[in-house]
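A short write-up of the structure that comes next.
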Amino acid sequence: MTDRCYAITDPDALAAIPTAMADLFDGIREAAETSVFEVMDSFDWRLFNKGFLLFKSRERYEAIDIATGHPVGTIMAGTEKPLRFARAFPESDFTAMLKSALDIRALLSLGTITRRTIGQDLLNSDEKIVARLALETYGIDGRPEKVNQCRLMPVRGYSVEARRIAACLEQLGLQPAGKPPVLTLLTEKGIAPGACASKIDLTLAPGMPAAEAVRCIMENLISVMHANIPGVRQDIDSEFLHDFRVAVRRARSLLSQMKGVLDAGTTATLQQRLKTMGDITGNVRDLDVALLKKEEYTALLPDVLKPGLDQLFGTLQQKRRYARNRMVKAMAGTAFNAALFDLDAFVRTDPPTGADSPGGSLPIGELAKTVIYKRYRRIVKKGSRMSDITPDDHLHRLRIDCKKLRYLLEFFTSLFPDDLMKILVKQLKQLQDNLGDFNDLSVQQNFLTQHLETPRPQVILSAAATGGLITRLHTAQQQVRSQFLSVFKTFNATENRKRFKTLFT
C-alpha cells in the first residue's frame, strides 16, 4: 500500500483524527514542525505543464510530482538568493530536467507557503511503528484561507494496520485529495495554475457577426499585451517581450486580413497604434535574438576565435542596455500609452454598424473560410513557381504569407473540426520551420555584417569571429534553402489540398 493523501474540509474531522487513532493503537508519538517555502514556476507555467511543482526553501529546491505528491528531484543551489534561470543551477540531472522544461524562461515566485505539520508515529503493543500520519495545515502569503490534509504513510509489513487507518479516515468523512493543497491556495489567491497568458484562447460561433468576432480576438490579443508588459518593463526574461510583440503582430495581421469588417478609419487608426508599439520594442527584440545565439555560435567556431566571440557579445550586451533604456522610456511616454489606450477603448465600445463596414454583419464562419482559403491559394501559387534559382526575397515574402495563414488558423480554429485543423497546422508548421530557418539565418548574417562594418580597429579578433560566423551561417542557410522544394511538395500534396478545399470552400 502506497502513501495516501486525504483532504480535510471539516475542521471537526481534523480535531477527531488524533482521538480516533488513540482508539486504534496502543501508543502515539507526536512531533510538530513549521516549514516555509516558495512555489516557483515560469510565467507560462512550464513546470506545472510538465507535471510537477517546484518548491524553494532557503537554498534547497525540490520538485514534486503533481499526480503522486512524491519528490522527483532535489538540489542545493549553494545560495539563498533565488536563481532565476535553469542555467544558474549546479550541473545535475535535476538541472537538466529544469533546462528541458524552462528553456530560456525565468523562475518566478508565485507565493510563500507556510506549512504546519503534526506528525504521528502510530505504535503497536510492542511499541513498534506500524504507520505514520501527518496532519498538515497550509497557508499562503499570510492570507486567512487555510487548506488541511492528512497524509497516511504505511510502514512495510503492516498493510493490515494501514487499511484499518484508511477505513477509519473515510468513516470520519475524509476523501482522497484531488490536487495538492498548494494548487488550491494559488487558485484561492486568484492565480490559475496552468493558465498561459500568451496563447489565443477563445471560442467563436459560426453565426457570430464578423465585427463582433474581430473584437473578441482583439480583446484576447490586447489582454496578452497587458499581461506581458510588466515583465517587459522589469526585464524578467526575453520571452515577455517576444510574446508581447507576437500579440502585436497577430493583431496587425488580423486587421489587415479582415478588411471591410471594421470601418476604414478605425482599421487605419488601430494599425498605426500597433505599428507604434512594434517600432518602440523592435530594436531590443533584435538584440535579444542575437544574444540568445551565443551558445549556438560558440559551437560553430574554433577555439582560437572564441575570445573574439566574447568581445562580440559583450558589445551586443552593451548595445542592448542602451536600447532597453530607450525602450522603457518610450513605453512610459505619450505615444505608447496613447496606443494602448486606443486599443483598450476599441474593445470596450460596441461594434460599428452601417455603410462604412459592410462586412461587419457577415457570419464569421463563412468569412473565415473565404480569407483562409484565399491565403492558402496564394501560398500554393507562389510556392509552385519557386525553384532553386528563385531570389531569396521571394522566399521571405512566402514566409510572411505562411505566417498570416497560421494566424488565421489560430484565430478561427474553434469554427472547424479540431482534428483536421491540427493536421493542417502541422503541415503548415513544417513549411514555416523551413522558411523561418532560412529567414533567421539571413537576419543573423545581416545583423553580424552591420556589426562588422562598424569601424573598431582595436577588436580585430572580434571581427574575425564575426566573419567566421557569417561564413558558417551562409552555408547553413544554403542547406536550408536546398530543402525548401521537398518541404513545399509535402505541404502541397494532394491529400492536404483536399483538406483545405473541403474545410474552407
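These values consider heavy atoms only, across backbone and side chains, with no hydrogens, waters or symmetry-generated copies.
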Check [X] against [Y] and note the closest heavy-atom contact, atom names and distance.
X: F52; Y: A101; answer: CZ-CB, 4.5 Å
X: M277; Y: F244; answer: CE-CZ, 3.6 Å
X: I280; Y: M327; answer: O-CG, 3.6 Å
X: V224; Y: A247; answer: CG1-CB, 3.8 Å
X: F411; Y: R250; answer: CZ-O, 3.4 Å
X: I66; Y: L53; answer: CG1-CG, 3.8 Å

When you look at V232 and V284, which way does the side chain to side chain contact (heavy atoms under 4.5 Å, CB included) test go after all the steps? CA-CA 10 Å; V232 173; V284 175; over 6 Å; no
Under the criterion side chain to side chain contact (heavy atoms under 4.5 Å, CB included), I'd like the reasoning laid out for N434 against Q430: C-alpha separation, chi angles, the key distance, then a yes or no. CA-CA 7 Å; N434 175 265; Q430 291 174 348; over 6 Å; no
For a side chain to side chain contact (heavy atoms under 4.5 Å, CB included) check, start with the C-alpha distance between L405 and R378, then their side-chain angles and the critical distance, and finish with the verdict. CA-CA 10 Å; L405 176 59; R378 180 180 298 182; over 6 Å; no
When you compare the side chain of [Y] with that of [X], does any pair of heavy atoms fall below 4.5 Å?
X: M225; Y: D344; answer: no
X: F488; Y: M386; answer: no
X: P180; Y: I64; answer: no
X: L185; Y: R143; answer: no
X: I104; Y: D237; answer: no
X: R84; Y: L107; answer: no
X: E62; Y: F37; answer: no
X: L287; Y: Y322; answer: no

Pairs satisfying side-chain hydrogen bond (donor to acceptor under 3.5 Å, both in side chains), at least one member in [range], at least two apart:
range: residues 392-403; answer: R375-D401, K382-D401, D392-R481, D393-R397, H394-R397, H396-N439
range: residues 92-101; answer: E91-K99, S92-T95
range: residues 183-195; answer: D141-K189

Could you tell me whether the side chain of [X] and the main chain of [Y] form a donor-acceptor pair under 3.5 Å?
X: R406; Y: V425; value: no
X: Q257; Y: V371; value: no
X: T114; Y: G139; value: no
X: S384; Y: K381; value: no
X: T413; Y: E410; value: no
X: S223; Y: N220; value: yes
X: D41; Y: L47; value: yes

Please walk me through it: do E219 and R215 pass salt bridge (Lys or Arg N to Asp or Glu O under 4.0 Å)? CA-CA 6 Å; E219 184 174 12; R215 220 161 267 270; over 6 Å; no
Between T34 and R116, is the side chain to side chain contact (heavy atoms under 4.5 Å, CB included) condition met? List the steps. CA-CA 4 Å; T34 298; R116 169 76 172 171; 3.5 Å; yes
For residues 63-102, the ring pair (Phe, Tyr, Trp, His ring centres under 6.0 Å) pairs (sequence neighbours left out) are Y61-F89
Count the heavy atoms belonging to other residues, nucleotides or ligands that lie under 6.0 Å from CG of D419, then report whether that count exceeds 12. yes
Counting heavy atoms not belonging to R87, are there more than 12 under 6.0 Å from its CZ? no
Mind telling me whether W45 and F48 have parallel, tilted or perpendicular rings, with 30° and 60° as the class edges? perpendicular
For [X], salt bridge (Lys or Arg N to Asp or Glu O under 4.0 Å) partners two or more places apart:
X: R321; answer: none
X: K293; answer: E296
X: R499; answer: none

Quick one: salt bridge (charged side-chain N to carboxylate O under 4.0 Å, His left out) pairs with a partner in residues 275-292, sequence neighbours left out? K275-D279, D288-R320
Pairs where residues 66-81 contributes a residue and the test salt bridge (charged side-chain N to carboxylate O under 4.0 Å, His left out) is met, not counting sequence neighbours: R58-E80
Pairing residues for R326 by the side-chain hydrogen bond (donor to acceptor under 3.5 Å, both in side chains) criterion, not counting sequence neighbours: none
side-chain contact (heavy atoms from CB on, under 4.5 Å) against S387, all qualifying residues, sequence neighbours excluded: I389, T390
Under the ring-ring contact (aromatic ring centres under 6.0 Å, His included) test, residues paired with F240 that sit two or more places apart: F43
Indicate whether any N or O donor in one side chain lies under 3.5 Å from an N or O acceptor in the other, for Q271 and T267. no
